Chemist: 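Starting off with a structure, shown below.
What you are looking at is a predicted structure, and each value in this text was computed from that prediction instead of being measured.
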Amino acid sequence: MFDPTVYDNLKVAFENYLYDLDNLDESIHITHRRDQLEMASMSREFTLRFCLRDHAAITAEVVLKSSLEAIAAEILEMPDSHPGCALELRFGLVTKEPDSRCLDIQQMMQENWPDQRVVQYIHYIFGENPISFNVSASVYFERHVNEEQMHDIPALCDHMVHALNKLIMMHE
């Protein structure tokens, strides 16, 4: 019989809540889903990207990662191990003013997740005079999450939707 891992349980919890926001509440639209097993390192990564229904230009992603070491420690019930997954939240948008926009995004992200590391990336095609820039902001959770944080998933997802709304207001 298959015994689900922490990764599997958290993935299903995120999927359930976010798909309910998509299908039942119709407040978001899920645009991409990926559940990848990296055969070389035997690691797993789950990504679920979504946007607000009427604002497809600004996206949010939940990224859940588990390493071979974490999965093995859990399955083998190794003493003193604390099974869990890495969690990252990503937000993406296109802007013509990356300098001022990134400062606003950084401040908003730090207000929403003050204890987490926030990193922003600006992407454009080298050699071209860019008219617009792709900006992505990632929130990295410093500690691993596990089933003890399962009850936090609805609030975290709602917080992401709230952050999307703030990004839309900043973008307009």
Chemist: Partners of Ser41 by side chain to side chain donor-acceptor pair (under 3.5 Å), sequence neighbours excluded?
Modeler: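 Expected list: Ser43.
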Chemist: Is Val135 close to Phe91 at the side-chain level, that is, under 4.5 Å between some pair of heavy atoms?
Modeler: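 The answer is no, as the side chains (C-beta and beyond) never meet within the 4.5 Å cut-off.
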Chemist: Donor-acceptor pair, distance only, cut-off 3.5 Å: does the side chain of Asp22 make one with the backbone of Leu18?
Modeler: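 No, the answer is negative, given that no donor and acceptor are paired below the 3.5 Å cut-off.
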Chemist: Under 4.5 Å between any side-chain heavy atoms of Tyr140 and Val63, yes or no?
Modeler: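 SC-SC contact between Tyr140 and Val63 ruled out.
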Chemist: Could you tell me which residues satisfy salt bridge (Lys or Arg N to Asp or Glu O under 4.0 Å) with Arg90, sequence neighbours excluded, listed by chain and number?
Modeler: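 Counting only residues at least two positions away or on another chain, Arg90 forms a salt bridge (Lys or Arg N to Asp or Glu O under 4.0 Å) with Glu61, Glu88.
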Chemist: Is the shortest side-chain heavy-atom distance between His32 and Phe50 below 4.5 Å?
Modeler: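 No - every pair of side-chain heavy atoms lies 4.5 Å or more apart.
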Chemist: Apply the test side chain to side chain contact (heavy atoms under 4.5 Å, CB included) to residues Asp54 and Leu52: give CA-CA distance (whole Å), side-chain angles for both, the deciding distance (0.1 Å), then the verdict.
Modeler: CA-CA 6 Å; Asp54 299 329; Leu52 295 179; over 6 Å; no
Chemist: Quick one, Leu156 with Tyr17, criterion side chain to side chain contact (heavy atoms under 4.5 Å, CB included). Give me CA distance, side-chain angles, the key distance, then yes/no.
Modeler: CA-CA 10 Å; Leu156 178 66; Tyr17 193 78; over 6 Å; no
Chemist: Could you check whether Asn129 and Tyr124, counting side-chain N and O atoms only, form a donor-acceptor pair closer than 3.5 Å?
Modeler: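 No, because no side-chain N or O of Tyr124 sits under 3.5 Å from a partner of the opposite role on Asn129.
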Chemist: Near His123 NE2, under 6.0 Å, is it more than 12 heavy atoms from other residues, nucleotides or ligands?
Modeler: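 Buried by this count: over 12 neighbours within 6.0 Å.
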Chemist: Any heavy-atom pair between the side chains of Arg33 and Tyr19 that's under 4.5 Å?
Modeler: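 Result yes, sub-4.5 Å side-chain heavy-atom pair found.
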Chemist: Which pair of non-hydrogen atoms, one from Ala70 and one from Pro83, has the smallest distance, and what is that distance?
Modeler: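 Closest heavy-atom pair between Ala70 and Pro83: O-CB, 4.5 Å.
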Chemist: Should the heavy atoms of other residues, nucleotides or ligands under 6.0 Å from CD1 of Ile131 be counted, would the total exceed 12?
Modeler: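 Atom CD1 in Ile131 is not packed in, count stays at 12 or less.
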Chemist: Without swapping roles, check the side chain of Tyr7 against the backbone of Phe46 for a donor-acceptor pair under 3.5 Å.
Modeler: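 Side chain of Tyr7 to backbone of Phe46: a pair is present.
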Chemist: Are Phe133 and Arg101 close enough, and set up right, to give a side chain to side chain contact (heavy atoms under 4.5 Å, CB included), and what steps lead you there?
Modeler: CA-CA 11 Å; Phe133 300 84; Arg101 192 68 67 210; over 6 Å; no
Chemist: Is any side-chain heavy atom of Val145 less than 4.5 Å from a side-chain heavy atom of Val6?
Modeler: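 They are not in contact (no side-chain heavy atoms under 4.5 Å apart), so the answer is no.
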Chemist: With a sphere of 6.0 Å drawn around CD1 of Ile125, does it hold more than 12 non-hydrogen atoms of other residues, nucleotides or ligands?
Modeler: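 No, not enclosed.
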Chemist: For a 4.5 angstrom cut-off between non-hydrogen side-chain atoms, does Cys157 reach Phe14?
Modeler: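 The answer is yes, as the side chains (C-beta and beyond) meet within the 4.5 Å cut-off.
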Chemist: Counting only N and O atoms by type, is there a donor-acceptor contact under 3.5 Å from the side chain of Gln149 to the main-chain atoms of Asn146?
Modeler: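 Answer holds: yes.
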Chemist: Is there a side-chain contact between Thr95 and Asn134 in this structure, where contact means two heavy atoms from C-beta onward sitting under 4.5 Å apart?
Modeler: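 With C-beta onward as the side chain, the pair stays apart.
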Chemist: Spell out, as yes or no, whether a donor-acceptor pair under 3.5 Å connects the side chain of Asp8 to the backbone of Thr5.
Modeler: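 Between the backbone of Thr5 and the side chain of Asp8 there is a qualifying donor-acceptor contact (under 3.5 Å).
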Chemist: How would you list all residue pairs meeting side chain to side chain donor-acceptor pair (under 3.5 Å) that involve residues 113-122, not counting sequence neighbours?
Modeler: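 Qualifying pairs: Gln106-Gln120.
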Chemist: Under 3.5 Å, is there a donor-acceptor pair between the Thr47 and Arg34 side chains?
Modeler: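 Yes, a side-chain donor-acceptor pair sits under 3.5 Å.
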Chemist: Taking Glu38 first and then Arg44, would you say they form a salt bridge - that is, a charged N and a carboxylate O separated by under 4.0 Å?
Modeler: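 Not counted as a salt bridge, because no side-chain N and carboxylate O are separated by less than 4.0 Å.
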Chemist: So does Ser27 get a backbone contact from the side chain of Asp25, meaning a donor-acceptor N/O pair under 3.5 Å?
Modeler: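 A pair under 3.5 Å: no.
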Chemist: Do the side chains of Leu93 and Ile105 get nearer than 4.5 Å, heavy atoms only?
Modeler: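 Sidechains of Leu93 and Ile105: in contact.
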Chemist: Taking the side chain from Arg49 and the backbone from Thr31, do they hold a donor-acceptor pair closer than 3.5 Å?
Modeler: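 No, because the side chain of Arg49 does not come within donor-acceptor range (under 3.5 Å) of the backbone of Thr31.
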